[in-house]
Each structure stands twice: as C-alpha cells, then as structure tokens.
Amino acid sequence: MNALLASWRNEAEKLWLRKRTKAVLALAVLIPVILTLGIGLLGRALGLTAALGGQVSVLTLNLFTGFLLPLYLFMSAADLFPGETAARTMKLTLVRPVTRAKLFAAKALALGSAAAAVLATAWIASALSGLLSFSVSPMREWTDSLIAYTVSIVPMAALILIAVWIAMFFANSAAALGSMILVYAAAKLLPVLFPALAIWSPFAYTDWHALWVGNGAGGGKLLQSFFILLAYSMMAYVSSITRFERKSF
C-alpha cells in the first residue's frame, strides 16, 4: 500500500507540474465567471435574469465533461504511458521498488484525481459565481449542481480507463492522442447516425449528470447506465494492466 501511495503521489506531482494542468484549472475558475457575466448581461437585456441565473453550473459542467476535460485527460494519459515510453523514463520508474500492477494503478488514480480536482474547482467557482446571478432558489441549485459534479466522476473514470487502454497500443504520445480523439469523436457521432447504439456507448454518458438532477431518471435507468460504465471500466482496466505488465519498455 505504501508503494502504491508513493507512486500515486509521484504521478500526481508529474501532472501538477505540467502547464496544461494549471491551464485547465484556471479555465475551471474563469469559465463560470465569464458565463455569469455574459448570462447576466443577456438576462438583463431580455428581462430573464432570474430564469437564466441558475444555468452557469450546468453550462460549465457540460462544457467540461463534453470537451475540455476529456481532451485534458487524453493528453495526460498519452503523456503518462506512451509519452514516458518514448522518452525512456518508464524504465527509470520501473527500477523503483513497485510492481507494474501498482505503478499502473497509481497512474490511473493520478488521472482520476486530476479529473476530480478539475470538477471540484469548477463546482466551487460555479457556486461562488452563482451568488452574483440572482437565482430564484440558490440553495437548491447548489445542491443539484453538487450532485451533478460529484456523479460526473463516474463517466470520467470510464473515459480515463478507455483512454489508457488505447494508449497501450502506441509507443509515442502523438499517435496515442490522435487515436483517442478520433475514437471519441466517432463514438460521439455514432449515436447521431444510429440512435439505438447510444445506450451501449460509454462516451454517450459524459452528460450522465443530467440523469441525476431535476426530475432526473428512474432508479432502473440509473443502475443500468452505471453498470454499463462499470463494465467498460473493468474490461478496459483488466485489458490495459495485462498489456502493461507484458509490455517491453
């Protein structure tokens, strides 16, 4: 356990030292502020200030889970796996007294921690920005948004593990990143062409939070979608860790 925690701290520090991590955290603070100001101006112009006031957290979360956070996680996964292989730093990491299984878990946990930190920052910024939005029922909106941001970590975790699984097939970060983006874009487009397939695509659940707020979805649908995401996560994790343990660095 100590080796796992030490490896996790090391991998998390790698992510923190990258400029893109600081940039996405800065966006998590700035976007809610910009949206609040923009919606405030639009609301006053249209006389809909109260109606539009509670939309900041929803718009911010949709933007992050649908585009910004997946892109950040793809870039980070590409760096932590094929990127380190190409830079020949993976060999140095494997010299440490830690098994490959624990090292893989530490990298995956670091990516998950980064996703959680971005979501938490975005929620705090959205909640504070909401104080300026003249919302009709701020406490209810804060509660709904907290639930939405919290449950969003589930589809993001599935996305991380699928991204890592794709990364296992490449020896350099550029090819891995390009493939991740291509697969993600295709998976997002597929339900548009074939709506019946949407339920089986893990990437169709990046807005999973929408099922939890407001009237929400029934317990049966929530459980069904959760187990679909869990199944993809388990398959991606087992397949990826198997390839990682057998891979020559």
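These numbers were taken from a predicted model, which means no experiment stands behind them. Numbering starts at 1 and runs along the sequence shown.
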(request) Could you verify whether a donor N or O on one side chain and an acceptor N or O on the other, from Thr85 and Lys247, lie under 3.5 Å apart? (result) no
(request) Quick one: pull up CG in Leu146 and OG in Ser126 and give me the separation to the nearest 0.5 Å. (result) 11.5 Å
(request) Kindly compute the distance separating OG (Ser7) from CG (Asn2), expressed to the nearest 0.5 Å. (result) 10.5 Å
(message) Could you measure the distance from the CG atom of Leu4 to the CZ atom of Arg9? Nearest 0.5 Å is fine.
(response) 10.0 Å
(request) For Ala204 and Asp207, work out which heavy atoms get closest and say how close. (result) O-OD1, 3.2 Å
(request) Any chance you could lay out the side-chain contact (heavy atoms from CB on, under 4.5 Å) test for Leu63 and Leu35, step after step, and finish with the verdict? (result) CA-CA 11 Å; Leu63 180 60; Leu35 287 175; 5.7 Å; no
(message) For a side-chain contact (heavy atoms from CB on, under 4.5 Å) check, start with the C-alpha distance between Phe203 and Leu190, then their side-chain angles and the critical distance, and finish with the verdict.
(response) CA-CA 10 Å; Phe203 299 121; Leu190 190 62; over 6 Å; no
(message) Quick one, Leu69 and Leu159 - any side-chain contact, counting heavy atoms below 4.5 Å?
(response) no
(message) Taking side chain to side chain contact (heavy atoms under 4.5 Å, CB included) as the definition, give me every residue that meets it alongside Phe226, ordered by chain and number, with sequence neighbours left out.
(response) Val154, Trp208, Leu230
(message) Looking at every heavy atom in both Ala148 and His209, which two are closest together, and how far apart are they?
(response) O-CB, 3.4 Å
(message) Measuring from atom CD1 of Ile241 to atom NZ of Lys102, what distance do you get when rounded to the nearest 0.5 angstrom?
(response) 11.5 Å
Can you give me every donor-acceptor pair (side chain of residues 161-182, partner residue at least two apart or in another chain, under 3.5 Å) with its distance?
residue, atom, partner, partner atom, Å
Trp165, NE1, Ser239, OG, 3.0
Asn172, OD1, Ala174, N, 3.4
Asn172, OD1, Ala175, N, 2.9
Ser179, OG, Ala175, O, 3.0

(request) Keeping the roles fixed (side chain from Asn10, backbone from Ala6), state whether a donor-acceptor pair exists under 3.5 Å. (result) no
(request) Answer whether the closest heavy-atom distance between the side chains of Trp8 and Lys107 falls below 4.5 Å. (result) no
(message) Show the nearest heavy-atom pair for residues Leu15 and Ala110, with the distance to one decimal.
(response) CD1-O, 3.5 Å
(request) To the nearest 0.5 angstrom, please state how far the CD1 atom of Ile124 sits from the OG atom of Ser57. (result) 13.5 Å
(request) Verify salt bridge (Lys or Arg N to Asp or Glu O under 4.0 Å) between Lys14 and Asp79, making sure each step is shown before the conclusion. (result) CA-CA 10 Å; Lys14 289 180 186 177; Asp79 275 351; over 6 Å; no
(message) Taking side chain to side chain contact (heavy atoms under 4.5 Å, CB included) as the definition, give me every residue that meets it alongside Val33, ordered by chain and number, with sequence neighbours left out.
(response) Leu37, Ser129
(request) May I ask whether Val56 and Ile34 are part of the same hydrophobic cluster, defined by side-chain heavy atoms of I, L, V, M, F, W, Y residues being less than 4.5 angstrom apart, directly or through others? (result) no
(message) Contact between Thr150 and Trp212 at the side-chain level, heavy atoms closer than 4.5 Å - yes or no?
(response) no
(message) Any side-chain to backbone donor/acceptor pair from Tyr232 onto Trp200? Under 3.5 Å, distance only.
(response) yes
(request) Return the minimal non-hydrogen interatomic distance between Thr121 and Ala117, and the atom names on each side. (result) OG1-O, 2.8 Å
(request) State, to 0.1 Å, how close Thr206 and Pro155 come at their nearest heavy-atom pair, and which atoms those are. (result) CA-CB, 4.3 Å
(message) Looking at Met235, I want to see if its CE is surrounded by more than 12 non-hydrogen atoms of other residues, nucleotides or ligands under 6.0 Å.
(response) yes
(request) Assign the ring pair Phe81 / Phe104 to parallel, tilted or perpendicular, where the plane angle (0 to 90°) is split at 30° and 60°. (result) tilted
(message) Are the side chains of Tyr205 and Ile199 in contact, using a 4.5 Å heavy-atom criterion?
(response) yes
(message) Less than 4.5 Å apart, side chain to side chain, heavy atoms only: is that true for Met90 and Phe244?
(response) yes
(message) Do Trp16 and Met75 land in one hydrophobic cluster if side-chain heavy atoms of ILVMFWY residues count as linked below 4.5 Å?
(response) yes
(request) Work out which heavy atom in Tyr149 is nearest to a heavy atom in Leu61; give both atom names and the distance. (result) OH-N, 3.4 Å
(request) Rounded to the nearest 0.5 Å, what's the gap from CG on Leu73 to CD1 on Ile160? Could you check? (result) 4.5 Å
(request) Find out whether Leu103 and Glu11 are in side-chain contact, i.e. whether some heavy atom of one side chain is under 4.5 Å from a heavy atom of the other. (result) yes
(message) Please determine whether residues Ile228 and Leu222 belong to a single hydrophobic cluster, defined as Ile, Leu, Val, Met, Phe, Trp and Tyr linked transitively by side-chain heavy-atom distances below 4.5 Å.
(response) yes
(message) Are Ile31 and Val29 connected into the same hydrophobic cluster when the rule is that any two of I, L, V, M, F, W, Y join if their side-chain heavy atoms are below 4.5 Å apart?
(response) no
(request) Kindly work out whether a path of hydrophobic side-chain contacts (I/L/V/M/F/W/Y, heavy atoms less than 4.5 Å apart) joins Leu30 to Leu128. (result) no
